[in-house]
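Along the sequence shown, residues are numbered consecutively beginning with 1.
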Amino acid sequence: MTTFQSNPGNGGPSSNGTQAQGNEGQAGFGHKVDRIGSDAQQLWEDARGAVTDLQDTLDLKGRVDRNPYLMMAAALGVGYVLGGGLFTRTTGRLLRLGVRLAALPMVKDELIGMAEAALSGIEAGARMAGTGNNTSGSDRPQGSQV
């Protein structure tokens with residue numbers, strides 16, 4: 001069974017000074033609230049200063065004025081990522097398409113290199129075949145005219 005102890009003065013003045021201690025507790029609580037309020041205001045001012053510094057550093061308004069379409073695309077990309085679209089099937093498909101498109105110039109260069117090598121090999125073979133049949137000693141193939 002629980003027993004409760006009651007304050008003999010029931011919040012009123014008492015002979016042992018408990019009321020004075022209560023006032024000190026309230027003053028301490030008020031001081032803590034004031035300190036928390038001033039800390040919150042300081043935090044708010046620091047955050048506003050950081051945002052202002054970030055705006056000055058990024059120069060978003062200037063960038064939007066210079067490249068409005070690029071900034072619109074960047075905003076769409078950021079919104080897509082923040083909206084949770086990063087780990088979806090659509091993103092996987094887009095990445096695969098991007099890799100294929102990025103690899104296309106490399107594949108094209110390799111194919112052109114192979115074609116040039118094949119053509120130079122054919123030309124070298126034609127020269128070799130042409131020099132064996134050519135008795136005039138000129139470097140031109142037989143059917144060519146000056």
message: Applying a strict under-4.5 Å side-chain criterion to I, L, V, M, F, W and Y, I'd like to know whether Leu94 and Val99 cluster together.
response: no
query: Could you give all pairs that pass the salt bridge (charged side-chain N to carboxylate O under 4.0 Å, His left out) test and reach residues 70-80, with sequence neighbours left out?
result: none
statement: By salt bridge (charged side-chain N to carboxylate O under 4.0 Å, His left out), Glu116 pairs with (sequence neighbours left out) none
field: Partner residues of Ile122 under the side chain to side chain contact (heavy atoms under 4.5 Å, CB included) criterion, sequence neighbours left out
entry: none
message: Looking at Arg63 and Leu58, would you say the former's side chain and the latter's main chain have a donor-acceptor pair under 3.5 Å?
response: yes
Donor-acceptor contacts under 3.5 Å from residues 42-56 side chains, at least two apart:
from: Gln42; atom 1: NE2; to: Asp46; atom 2: OD1; distance (Å): 3.1
from: Thr52; atom 1: OG1; to: Arg48; atom 2: O; distance (Å): 2.9

task: Evaluate the side chain to side chain donor-acceptor pair (under 3.5 Å) criterion for residues Thr90 and Tyr80: first the C-alpha distance (whole Å), next the side-chain angles of each, then the deciding distance (0.1 Å), finally the verdict.
output: CA-CA 11 Å; Thr90 304; Tyr80 184 77; 4.8 Å; no
task: Could you tell me which residues satisfy side chain to side chain contact (heavy atoms under 4.5 Å, CB included) with Arg96, sequence neighbours excluded, listed by chain and number?
output: Arg93
With Arg66 via salt bridge (charged side-chain N to carboxylate O under 4.0 Å, His left out) - residues at least two apart: Asp59
query: When rounded to the nearest 0.5 angstrom, what is the spacing between OG1 in Thr91 and CZ in Arg89?
result: 12.0 Å
message: Could you tell me if the side chain of Met72 sits less than 4.5 Å from the side chain of Val64, heavy atoms only?
response: no
